[in-house]
Amino acid sequence: MTLTRKGKHWYGSGDDDIRAVIQGFSERNGYPATDYRAAVCVCGSTLFRLFDDEEAGVARRDCVACGTAHLMGDSAEYADEADPEAHECLCGSEALAIHCGVALYADSRDVRWLYIGCRCPQCQLVGVYAEWKCEGGPVEAFMARV
Ligand SMILES: [Zn+2]
Ligand SMILES: [Zn+2]
């Protein structure tokens, strides 16, 4: 785990570095993330193509190994209204490791804000790719679906 800053971008030696980048971002956003989870496909792979629609509050990850598409967190509730767009790294790679961080309501275990961070295994760029206010309900159930 080593984060290096180049210009305005962060580069990390491992996927755990995503968490540190989400943490810094979320603190500046005013809703610090306190719970984190790595996205793992049912096949065990941790590399995905990421699609999201921040306005609708929908994120989908498509596994690059087996092709399984998964709506993240509570996205399935809003997927009908969404028009998710694909993300790619600055280097052009679309295969990304994804970690989610969430901020909770005070004195509660309910999700208040969702942050989706990614790391590119090609160039090691780490960033927060999407974030939105998310009435996601109890954090344990929410995180089980990231
Ligand atoms: Zn898979
Ligand atoms: Zn890259």
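Whatever order the structure lists ligands and atoms in, that order sets their numbers, starting from 1. In what follows, every heavy atom counts, from backbone to side chain, and hydrogens, waters and symmetry copies are set aside.
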query: To the nearest 10 degrees, how large is the angle at the Zn ion (ligand 2) between C120 SG and C91 SG?
result: 110°

- prompt: the Zn ion (ligand 2) as vertex, arms to SG of C123 and SG of C89: angle to 10°?
  reply: 100°

query: Would a 4.5 Å heavy-atom cut-off, applied to side chains only, mark Y129 and I18 as touching?
result: no

query: Given the side-chain rings of H99 and Y36, with only the six-membered ring counted for Trp, is the space between their centroids under 6.0 Å?
result: no

field: Nearest heavy atoms of L50 and C118, plus distance in Å
entry: CD2-SG, 3.7 Å

Considering all heavy atoms, the nearest L96-P121 contact: CA-CD, 4.5 Å

task: Using the Zn ion (ligand 1) as the apex, give the angle to atoms SG (C66) and SG (C43), rounded to 10 degrees.
output: 110°

- prompt: Given atoms SG of C63 and SG of C41, what angle do they subtend at the Zn ion (ligand 1), to the nearest 10 degrees?
  reply: 110°

